[in-house]
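The structure appears below as structure tokens.
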Amino acid sequence: MKHRQVLAATFAGLCAVAAQAATPTPGVTPVDMRGLWFVKNEEGAAKCAAYLGRKPVEPDPGALVIDERQLQQWAENTQTTMYFVTDVLPRRMNTWRMQALVDVPPYEKPKTLETFVFELRQDELLWSRRRGNDALEEAVDTTVFARCGY
């Protein structure tokens, strides 16, 4: 009887550790999402090839750079939109709901909290967001990005 109790306690402990490991850390992007992404079209592919060929300090407009705690969406004239990740929740395999504080140029305005859905399909990243400010609005825009490089 004591052997069963020890075995059950050990199993419960292992389950708790596994559940904790599977739960993403708040405000941290999944590792598979991190990197440099361009919109998946011919222009995006050309920008990626040019970037990889010359290794500039900053990516071309249209690029999406994802690191551990923020996203940067590059635009013309260094008018980069910054997304500071506050929460990441898995929705299903390779799909996450992410909340971020959005900071847009000229950066003097208060940041706004927005919610997005990201889905990773091999080397494609689908980024979905609502068109309007109404949380009940059905219209959603989805942009498909292709991984550039690593």
Report the residues that fulfil salt bridge (Lys or Arg N to Asp or Glu O under 4.0 Å) with [X], sequence neighbours left out, ordered by chain and then residue number.
X      : value
Glu114 : none
Asp123 : Arg147
Arg97  : Asp87

Side-chain heavy-atom pair [X], [Y] within 4.5 angstrom cut-off:
X      : Y      : result
Glu124 : Glu119 : no
Val39  : Thr143 : yes
Trp96  : Leu89  : no
Leu101 : Val85  : no
Pro105 : Thr80  : no
Phe118 : Leu125 : yes
Cys148 : Trp37  : no

Just how far is it from atom [atom1] of [X] to atom [atom2] of [Y], taken to the nearest 0.5 Å?
X      : Y      : atom1 : atom2 : result
Leu126 : Asn94  : CG    : CG    : 11.5 Å
Ile66  : Leu36  : CD1   : CG    : 9.5 Å
Arg69  : Thr29  : CZ    : OG1   : 9.0 Å
Thr115 : Met98  : OG1   : CE    : 11.0 Å
Asp67  : Met33  : CG    : CE    : 10.5 Å
Gln70  : Asp103 : CD    : CG    : 10.5 Å

### Task
Please name all residues satisfying ring-ring contact (aromatic ring centres under 6.0 Å, His included) with Tyr83, sequence neighbours left out, ordered by chain then number.
Phe116, Trp127
### Task
In sequence, state the C-alpha distance, the side-chain angles, and the governing distance for Val28 and Val88, and then conclude on side chain to side chain contact (heavy atoms under 4.5 Å, CB included).
CA-CA 7 Å; Val28 176; Val88 179; 5.9 Å; no
### Task
Go through the side-chain N and O atoms of Thr81 and Gln73 and say whether any donor and acceptor fall under 3.5 Å apart.
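Their side chains do not contain a donor-acceptor pair, so the 3.5 Å distance test is not met.
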### Task
Group every Ile, Leu, Val, Met, Phe, Trp and Tyr by side-chain heavy-atom contacts under 4.5 Å, then state whether Val144 and Leu64 land in the same group.
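Not linked; separate clusters.
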### Task
Please assess Thr86 against Leu113 for the test side chain to side chain contact (heavy atoms under 4.5 Å, CB included), listing each intermediate value before the final yes or no.
CA-CA 9 Å; Thr86 60; Leu113 184 64; 3.8 Å; yes
### Donor-acceptor pair, side chain of Ser128 and main chain of Thr142, under 3.5 angstrom
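No; judged by distance alone, with no hydrogens or angles, the pair does not exist.
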### Query
Can you check whether Pro61's main-chain N or O pairs, donor with acceptor, with Lys47's side chain at less than 3.5 Å?
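Yes: the side chain of Lys47 pairs with the backbone of Pro61.
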### Residue list, side chain to side chain donor-acceptor pair (under 3.5 Å) with Thr95, at least two apart or on another chain
none
### Query
Gly149 and Cys48: which non-hydrogen atoms are nearest, and at how many Å?
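The answer is N-SG, 4.2 Å.
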### Message
Holding to side chain to side chain contact (heavy atoms under 4.5 Å, CB included), I want the full list of residues that pass it with Asp32, two or more places apart in sequence or in another chain.
### Response
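Asp32 satisfies side chain to side chain contact (heavy atoms under 4.5 Å, CB included) with Leu120 once adjacent residues are dropped.
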### Message
Does Val102 form a side chain to side chain contact (heavy atoms under 4.5 Å, CB included) with Met82? I'd like the steps, not just the answer.
### Response
CA-CA 6 Å; Val102 181; Met82 302 291 294; over 6 Å; no
